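First comes the structure, then the notes that go with it.
Quick caveat: nothing in here was measured; it's all calculated off a predicted structure.
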Amino acid sequence: MLTLAIVSLSGGQGKTTCALFLGKRLAKEGWPTLVVDADPQHNLTTYLEAKVDQQPTLLEFLKKAVELSEAIYPVDGKDNLYIIPSDDALDAANEYLASSGAAAILLKRRLEVLKDTFKVCLIDAPPQRSQICLSIVGAADYLLIPAEATVKGYGSLVRSIDLWKSMRDELKVSEAELLGVLPFRDRWIGLTQSKESQLSVTAMGEEVGREFILPSIRESERYKQAINQGKLLSEMGFGDLEYPFDVLVDLIKGLIN
Ligand code: ATP
Ligand code: MG
């Protein structure tokens with residue numbers, strides 16, 4: 001199982017959007033795919049219409065309070081797609097992880113038993129540098145960092161890279177590699193990219209190396225429509241907007257084969 005953490009240390013950077021569409025695309029490839037909603041805001045759980053009042057959630061999974069199979073729910077109407085959901089109570093996981101003294105390895109350990117069940121595991125991270133976030137980076141084989149094509153997005157990328165490098169190079173509690181940076185809400189007017197988008201994506205390339213910059217997600221209302229209708233963009237006739245996910249699926253294919 002390839003564990004891919006979708007991390008970015010500010011709100012509204014496209015983490016959940018990315019987890020949602022990538023999860024659906026990977027499942028459509030025929031690969032058993034697990035998405036883990038690790039954000040107490042539980043947007044991913046809501047978007048996938050997994051009922052938020054159902055227990056157990058990730059919290060019970062982390063605490064090992066339930067049988068593994070009870071914490072994993074199939075996503076209705078989607079073959080190969082499963083979720084470990086979240087709810088507001090997941091905030092308590094920060095205390096649990098802090099008191100365990102092993103935040104960086106706990107989620108990794110818990111996921112280990114699933115390694116022959118799923119081909120890919122995607123983890124949707126919360127926006128804060130919390131214990132949950134440390135546990136996610138510790139569990140990941142690869143990191144995908146979405147970042148809004150703005151000054152704020154660039155800041156989010158820099159903080160995310162700092163966290164990853166300190167965990168990997170200084171504390172040595174993560175073996176994650178960078179899969180790529182996904183510029184989010186890249187603004188174009190006709191054939192012209194907005195100045196702010198252009199400058200921020202260039203700065204992102206200077207930060208991580210241009211080869212790590214993935215094709216961007218364009219600013220578009222179509223994304224929100226697709227989320228609200230529970231569909232892929234390609235199912236709505238906007239396959240061109242889904243191009244960043246074509247590239248991601250190919251990249252992941254290369255890693256798991
Ligand atoms: P948080 O850290 O708060 O969980 P996030 O990083 O998960 O945020 P998202 O929820 O994925 O960010 O996206 C932020 C908002 O952008 C959402 O309201 C989403 O509907 C919207 N959005 C998604 N795709 C696009 C797009 N291509 N253009 C404009 N807005 C978009
Ligand atoms: Mg989110």
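Taking the side-chain contact (heavy atoms from CB on, under 4.5 Å) definition, one finds that Glu211 meets it with nothing, sequence neighbours left out. Taking Asp246 as the reference, Arg25, Tyr243 meet the side-chain contact (heavy atoms from CB on, under 4.5 Å) condition, with sequence neighbours excluded. The side-chain contact (heavy atoms from CB on, under 4.5 Å) search around Gln41 returns Asp39, Asn43, Pro127, not counting sequence neighbours. By the side-chain contact (heavy atoms from CB on, under 4.5 Å) test, Ala98 pairs with Gln131, sequence neighbours left out.
When only modelled atom types and interatomic distance are considered, Trp188 and Asp186 share a side-chain donor-acceptor pair under 3.5 Å. Ser10 and Arg159 share a side-chain donor-acceptor pair at under 3.5 Å. Thr150 and Glu148 share a side-chain donor-acceptor pair at under 3.5 Å. There is no side-chain donor-acceptor pair under 3.5 Å between Asn80 and Thr33.
Here ring-ring contact (aromatic ring centres under 6.0 Å, His included) pairs that include residues 117-139, with residues two or more places apart or in two chains, are Tyr82-Phe118. Annotation: ring-ring contact (aromatic ring centres under 6.0 Å, His included) contacts involving residues 129-154, sequence neighbours excluded, are absent.
A donor-acceptor pair is defined here as one N or O able to donate and one able to accept, closer than 3.5 Å; no such pair exists between the side chain of Asp141 and the backbone of Ala176. For the pair Ser86 (side chain) and Ala38 (backbone), a donor-acceptor distance under 3.5 Å is absent. Checked by atom type and distance alone, the side chain of Ser234 never pairs as donor or acceptor with a backbone atom of Gly239 at under 3.5 Å. The backbone N or O of Arg218 lies less than 3.5 Å from no partner atom in the side chain of Ser216, so there is not a single donor-acceptor pair. With hydrogens and angles ignored, the 3.5 Å screen pairs a side-chain donor or acceptor of Glu60 with a backbone N or O of Thr57. With hydrogens and angles ignored, the 3.5 Å screen pairs a side-chain donor or acceptor of Ser100 with a backbone N or O of Leu97. For Lys24 (side chain) and Gly230 (main-chain N/O), a donor-acceptor pair under 3.5 Å exists by modelled atom type. Not one N or O on the side chain of Ser197 forms a donor-acceptor pair closer than 3.5 Å with the backbone of Gln193.
Among all heavy-atom pairs drawn from Ala19 and Val35, the shortest one is O-CG1, 4.3 Å. For the pair Leu214 and Pro183, the tightest heavy-atom approach, listed with the atom from each and the gap, is O-CD, 3.4 Å. When all heavy atoms are compared, the tightest approach of Cys133 to Leu163 is SG-CD2, 3.9 Å.
Here Glu221 pairs with Lys224 in a salt bridge; the nearest charged N to carboxylate O distance falls below 4.0 Å. Using a 4.0 Å cut-off between charged side-chain N and carboxylate O, Glu29 and Lys253 make a salt bridge.
Classified by interplanar angle (parallel below 30°, tilted 30° to 60°, perpendicular above 60°), the ring pair Phe21/Tyr223 is perpendicular.
Summarising the geometry, atom SG belonging to Cys121 is positioned 7.5 Å from atom CG belonging to Leu114; distances are rounded to the nearest 0.5 Å.
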